[in-house]
Amino acid sequence: MAVPTNGNGRYDWAKEVKEFDETKAGVKGLVDAGVTKLPRLFVHPRDKLESHPQIKSKDGVKIELPTIDFEGVKDGGARRRELVEEIRIAAKEWGFFRIVNHGIPLHTMDAMLDAVRRFHDQPTEEKMPLYSADSRKKVRFNSNNGPLRENESASWRDILTCVFQDDHLDPGDIPLACRREVHEYVKCMIELREVMAELLSEALGLNNDCLSRMECMKSEALACLYYPNCPEPEKTLGTPKHSDMTFLTLLMQDNIGGLQILHDDKWADVPPVRGALIANIGDLMQIISNDKFTSVEHRVVAQAVGPRISVACFFMPSQRAAAKPFGPIKELVSDENPGIYR
Ligand code: OGA
Ligand code: NI
């Protein structure tokens, strides 16, 4: 068996995973216990921690992420066409963009961030019954979304996940500490999803109800993320490099920062903007759009300050739609533009 050596020497990976999981206290439990040194399980390999080969740290480069102003989105006419064009370019060239004037009240966003913090700040005993890596559970609490792969480093964050299958989750299943706010926030996410589905359909040159009829974004998994302050942030990551296995993700982050996207082969910072949301194209959208839209890799660095709170709303297919495989939309495939995916 391969033994991980990650700069902290060799160690028994499986044993450390087991011990950590058995606490059911998450990463916050480690911080509460007063750790001053990063447990080996959380140490990431050096090359995963660099911004790019010339920058031997996690510092991201500066970019101007596209910002899309949804003011007047329902008015139609010239502004609507302009907006669709902006989205088309952002979804193709960047895969990530900011949305402002999206209609979700600031107090709803703030209340949601507060509620997520309230959930995670509860004593461990309150959260323990929800601790699980079983992705079939609609409501679950853990640090790594699903089991780690063998010898994979763990991430410096805790997650409460609430899955709304076909837009629905029994309110009674949502933890009381954040029940009202999660319910309200998802309602807003679903409304915005409708708008996004139309705009993205139009940006693909399709009828505005095309994506909605496919039901490819009719379920939500809400990841309520809590990134505790970290004693040795330069050795670990909050969320390692990945792209989202979704159609679309809408992300809200608090004012701390730490999100980076891989742009032109460099890690680039996506600093928080108060009241703004971040939209990113997921892998499944890239597939059905036959690469007209791009799913971009991103990560969250660990920091000495915290906790950082963020809420990712992952849009996924309805139960009915998920039963069939997805491939490029027929209208987007031709002899000149053959299907890239099956
Ligand atoms: C994710 C993610 C970013 C963040 O959960 O997929 O990319 O800012 N989160 O927490
Ligand atoms: Ni992500």
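Remember, it's 1-based here, ligands and their atoms both numbered in the order they're listed. Computed from a predicted model, the values in this text were never measured in an experiment.
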Review point. What protein N/O/S atoms are found closer than 2.8 Å to the Ni ion (ligand 2)?
Key: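 H242 NE2, D244 OD1, H298 NE2, with waters left out.
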Review point. Would you call R80 and E198 a salt bridge, taking side-chain N to carboxylate O under 4.0 Å as the test?
Key: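 Salt bridge between R80 and E198, a charged N being under 4.0 Å from a carboxylate O: yes.
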**Study point:** Enclosure of R180 CZ (heavy-atom neighbours >12, cutoff 6.0 Å)
**Key:**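 No - once you tally the heavy atoms of other residues, nucleotides and ligands closer than 6.0 Å, there are 12 at most.
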**Study point:** Over 12 non-hydrogen atoms of neighbours within 6.0 angstrom of CZ in R213
**Key:**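 Not buried by this count: 12 neighbours or fewer within 6.0 Å.
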Practice item. Calculate, to the nearest 0.5 Å, the distance between atoms NZ and CG belonging to K127 and N142 respectively. Key: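 The NZ atom of K127 sits 11.5 Å away from the CG atom of N142.
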Point to revise | side-chain contact (heavy atoms from CB on, under 4.5 Å) partner of V182, chosen from I174, V116, L169 | key: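 So, applying the side-chain contact (heavy atoms from CB on, under 4.5 Å) to V182 and each of I174, V116, L169, only I174 qualifies.
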May I have the N/O to N/O pairs between ligand 1 and the protein that fall below 3.5 Å, each with atom names and distance to one decimal?
| residue | atom | partner | partner atom | Å |
| --- | --- | --- | --- | --- |
| ligand 1 | 6 (O) | H242 | NE2 | 2.9 |
| ligand 1 | 6 (O) | D244 | OD1 | 3.2 |
| ligand 1 | 7 (O) | H242 | NE2 | 3.2 |
| ligand 1 | 7 (O) | H298 | NE2 | 2.9 |
| ligand 1 | 8 (O) | R308 | NH1 | 3.1 |
| ligand 1 | 8 (O) | R308 | NH2 | 2.8 |
| ligand 1 | 10 (O) | Y227 | OH | 2.7 |
| ligand 1 | 10 (O) | R308 | NH1 | 3.4 |
| ligand 1 | 10 (O) | S310 | OG | 2.6 |

Practice item. List for me each residue that meets salt bridge (charged side-chain N to carboxylate O under 4.0 Å, His left out) alongside K241, sequence neighbours excluded, and say none if there are none. Key: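 Partners of K241 by the salt bridge (charged side-chain N to carboxylate O under 4.0 Å, His left out) criterion, ordered by chain and then number, come out as E297.
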Point to revise | More than 12 heavy atoms from other groups under 6.0 Å of NE2 on H183 | key: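 No, not enclosed.
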Validation: residues 273-289 side-chain donor-acceptor distances under 3.5 Å, sequence neighbours left out:
| residue | atom | partner | partner atom | Å |
| --- | --- | --- | --- | --- |
| R274 | NH1 | D110 | OD1 | 3.2 |
| R274 | NH2 | D110 | OD2 | 2.9 |
| N280 | ND2 | D244 | OD2 | 3.3 |
| D283 | OD1 | S243 | OG | 2.9 |
| D283 | OD1 | S295 | OG | 2.6 |
| D283 | OD2 | S243 | OG | 3.3 |
| Q286 | OE1 | S295 | N | 2.9 |
| Q286 | NE2 | D291 | OD1 | 3.0 |
| Q286 | NE2 | Y341 | OH | 3.0 |
| S289 | OG | M285 | O | 3.0 |
| S289 | OG | Q286 | O | 3.1 |
| S289 | OG | K292 | N | 3.3 |
| S289 | OG | F293 | N | 3.0 |

Practice item. Kindly check if the number of other-residue, nucleotide or ligand heavy atoms within 6.0 Å of CG (D170) is above 12? Key: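 Buried by this count: over 12 neighbours within 6.0 Å.
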